[in-house]
Asker: 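Structure in structure tokens, see below.
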Amino acid sequence: MKSQKRSIRLGLAILHWFCPEKLRESIEGDLLENFENDVERRGYGIARWIFLFNVMRFFRWGIISRNQFQMMHFNFSLIINHIKITLRNFIKHVGYTAINLLGLAVGIGTCIVIFSYTQHELNYDAFFSDVDRMYRVNQTNIWAPSGGMMSSTTPPLARELQENFPEIISATRINTPGSFEVRYKNTGGELITYQEDQILAADSNFFDFFNIPIIEGDPQQMLNGKNLVVLTESTAHRYFGNQSPIGQVLLFGDDKRPVMVSGLVSDLPSNMHFNFDMLLSMSTNISVKQFDWSWVWTQLVTYVKIANDVNLEGFSTKMTALLMPKVQSTFSRLGMDFDDFMKEKGTWEFELQPVRDIHLYAASIGNRIGSVGDIKVVRILQLMAVLILLIAVINFINLSTARANIRSREIGVKKTLGATVRELGVQFQVEALLMTFIGSVLSIPVVKGLSTFIFKQAGIKIYFNWANDLLTLCSVGFLLVIIGLMAGIYPAVYLSRLKPISVIDQQKTVRRGRFNLRNVLVAVQFTISLGLLSGALMVTKQLNYIGKKDLGFDKENILVLRNAGALGDQISSFRDNVANLPEISGASVTMAVPGEMSFEDFFQREGSSTKLTISQVKVDPEFASVMNLKMSTGHFFQKHNEADKNHAVINETTAKLFGWTPQEALGKRILYPGDDLENPEIIGVVSDFHFQSLYEDIKPLLLLHIDSPMWGDQRMLVVRYHQNHVEKAISAIETAWSHFTQDSPFTYSILDEDLNRMYTRDSQLSVMVRLLSLLSIFTAILGLIGLVSFTVDQRRKEIGIRKVLGASSGSIFFLINRQYIILYLIGLCCSVPLTWWFLNKWLQNFAYHIEISWGTFIIAGVLLLVSCLLSVGYLALQAARANPVDAISDN
Amino acid sequence: MNSDQLGLFEEQILTMVAILGEDAYGNAIVDEIKNQLQKSVNLSSVHVTLYRLEDKGLVRSEMGGVTSKRGGRRKRIFTITNAGIALLRNLKESREQLWKLVPQFKM
């Protein structure tokens, strides 16, 4: 009976906490009766769980609300007294208070920062007033060899949808006209030039569709007509200062096309799935009109707004069925076989995707006009923030229960003077809430520090605004109460139930050794910190792997001049000029640099009908040597060889997909259905290199001569400089540049950095994971120090006596740490499988990734163990070394 | 609250209290519902309902004698009040009256 009673103590304690005094006895009786029956029928082990579960089922409004009568007892002056005593206690035990407050401040601060970051991510496009009715039209990715969906669609789609479906109220399109150099001659005759990369073009109903605040201009007319542009406020300021931009003329591109500013809008909010500095009218880009018949010219993004009460089930099928004949007619116009083309890609489909989902739920579909995030990352971060907070709360719980006997005298005296269990419970709850409150005030510098130093450095913007963000503020307040209650409930139940006799009478109240909640919580802390630490190590390792992976070309020491196209025909003489500079080892004119080579088109194998979507890139003969490409067989284009204009170099993947060995491919021809290109002959096969990001497998690639008649007139210059001469190289190139042109600014980028930028999101994730894991370990160790220092204090006499009886310092050291080492090992066992599972999921995002290794877990394990022992070891050592006389004589 | 309004579950519990007489307490009612209605109900909902019935004045309760079982806890014995009996009778009669109005089907 006695032992049974003990094992269900927790359940009874919980019942005591919430159940009204009046009803308690009979409810307890009923529950115990059931428990006794269950013990007989199913055995003791199961019965105690059923008991706990049944207790929990009484935690319901019909029971709790009957406490009202008791609530009347709440006495304001008593609460003031609680607060007073709490503060005195805080001051009396400064070390304990400091550990708790520091832990809570770090936990709460991290939570706030992560919360505002994820809130920003989760609220993309919420800014648009009827965003719930806005959809983007996606279609099958006809350019990828294996299909999938993409966000790019064709010019006629919007019109067809609007004409044929009454459900669709309006449709609009956005096009990507590319980057331009934009010039403006101000009234003083001074020429202002900027390279503009953030340019979009949109239909005239754009501002009806997306309610972006307009400062000047008529929303109906702003984009209606050719050669009109709408600027954002900060862009306009760059060119025109404070004068009104409306009616001014900007000169676009190398042909200096005059475009009139017709509107001014405020700067766009940071969480929109697209962003522009300049918005051209759609008809400014002539190609859109030219390709109005084409269902394969996928250069636009199409949006539709649907009527209020439309059920979208089956809409995709309906849409696909109606549009397919039109798509097929495009193919017959191009003289291509539709079925053959779609062979590997499945069916050609159209679907609607809610605009709200674009940012976080379209990682594989992508976003033609902006970056996308990943809901997985958001969830990981939220999880980590909660875990850190959990560690801080555990610290609080453990330290307050461990210190029970310090408070026991107070509790005992209060109880003998007539305080009820409930009143004491309230006192400890107040204490916890007060601690959380002070902790949250202290978290303000933590928030500031995190967001201004660490996150800013990693390029992660934290949009946190204490004043404006009512929702955030409310949630923070709510969070604090929850944390306070969570942290307070167990200590309140535990401490308030101490027996007055035992606490006044003798000192011994802290039980040791048995399985108890404190040990479980410490093990949980170890599990969390180990998981976060090994996760952080693994993420860093993967990113290093990507950074160091052999890409098949040499990405180091390369400068890219992206606007070299501005030089027009002079670009080749500029190249020769640059190549002759002493700091430079080579220069090459190309259409694109590795990482960005996706200009897909269809090509056919000679002597068969096999068609393939291949990325085609035009490069000059220097390209292979500048980029250090390796030839598998054959040779690259040669200087001054006119015939090369109609030759081609393919990569190994292309050869393989066409069913050739590299040797067989030589001398074969590649057939192109359009008229631009006369079927070029293959003169070489280049070894595979990563011309796109490492998220992708290596795809087929076709290199053509820069002077080939094939489409694609974008030009840039890549320059290889001698190592360690980057500054000299840049200034030398700049001087050469100024000899060639005065109207275009000299801009450059470093290829290595451009490539790394593709993984920005992941490197930001890595920064956050590393930071959060450090914070979690910091908090956990803080708690451990508190706990151990307390144990040491408790066992001073025991240690003294042991030493007198001949125990060595070493064995004492071990004695103190043994319990924690065991808990640490338990934590290790729990965290490895969990972490393994999570990491595996993340690594699947990469086409090229490392395997999870035991080594990482071992390193993480040893790191944590060593840092724990170092921080706690000092305390243990001090205790072990202490003179036993001091401990024993002290009374 | 209008005490004429009684939910089905409340009515069942009230009936059980009437059936069990001197022996009506939480667990006994759960068992009786299981035996009579082949329905398993949750102890906590029975308790909540009993307290509600008490609020409505349909049952009253007092603590029973001490036992060695139940961890020494006393039972709270519920007995049906006159108002409770009257309400049950009312419900039964109005139901029968309504039933008479239903056209009788041949089985």
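Scope of the values below: all heavy atoms of this structure, side chains included, with no hydrogens, waters or symmetry mates. Letters go in sequence order (proteins before strands), and every chain restarts at 1.
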Asker: Evaluate the side-chain proximity of A:Asp30 to B:His47: yes if any heavy-atom separation is below 4.5 Å, no if none is.
Answerer: yes
Asker: I'd like to know if the side chain of A:Glu33 reaches the main chain of B:Arg70, judged simply by a donor and an acceptor atom lying under 3.5 Å from each other, with no hydrogens or angles considered.
Answerer: no
Asker: If the contact rule is any heavy atom under 4.5 Å from chain A, which residues of residues 31-45 of chain B qualify, in numerical order?
Answerer: B:Asn42, B:Leu43, B:Ser44, B:Ser45
Asker: By a 4.5 Å heavy-atom criterion (distance strictly below it), what part of A:Asn34 contacts chain B: side chain, backbone, both, or neither?
Answerer: both
Asker: Working to the nearest 0.5 angstrom, can you tell me the gap between B:Phe78 CZ and A:Ser26 OG?
Answerer: 6.5 Å
Asker: I'd like to know whether A:Phe58 forms a side chain to side chain contact (heavy atoms under 4.5 Å, CB included) with B:Val48, so could you lay out the CA-CA distance, the side-chain angles of the two residues, the decisive distance to 0.1 Å, and finally the verdict.
Answerer: CA-CA 9 Å; A:Phe58 269 91; B:Val48 170; 5.9 Å; no
Asker: Quick one: do A:Glu25 and B:Arg73 make a salt bridge, cutoff under 4.0 Å?
Answerer: no
Asker: Name the region of A:Arg60, side chain, backbone, both or neither, that has any atom closer than 4.5 Å to a heavy atom of chain B.
Answerer: side chain
Asker: Calculate, to the nearest 0.5 Å, the distance between atoms CG and CG belonging to A:Leu31 and B:Asn27 respectively.
Answerer: 8.0 Å
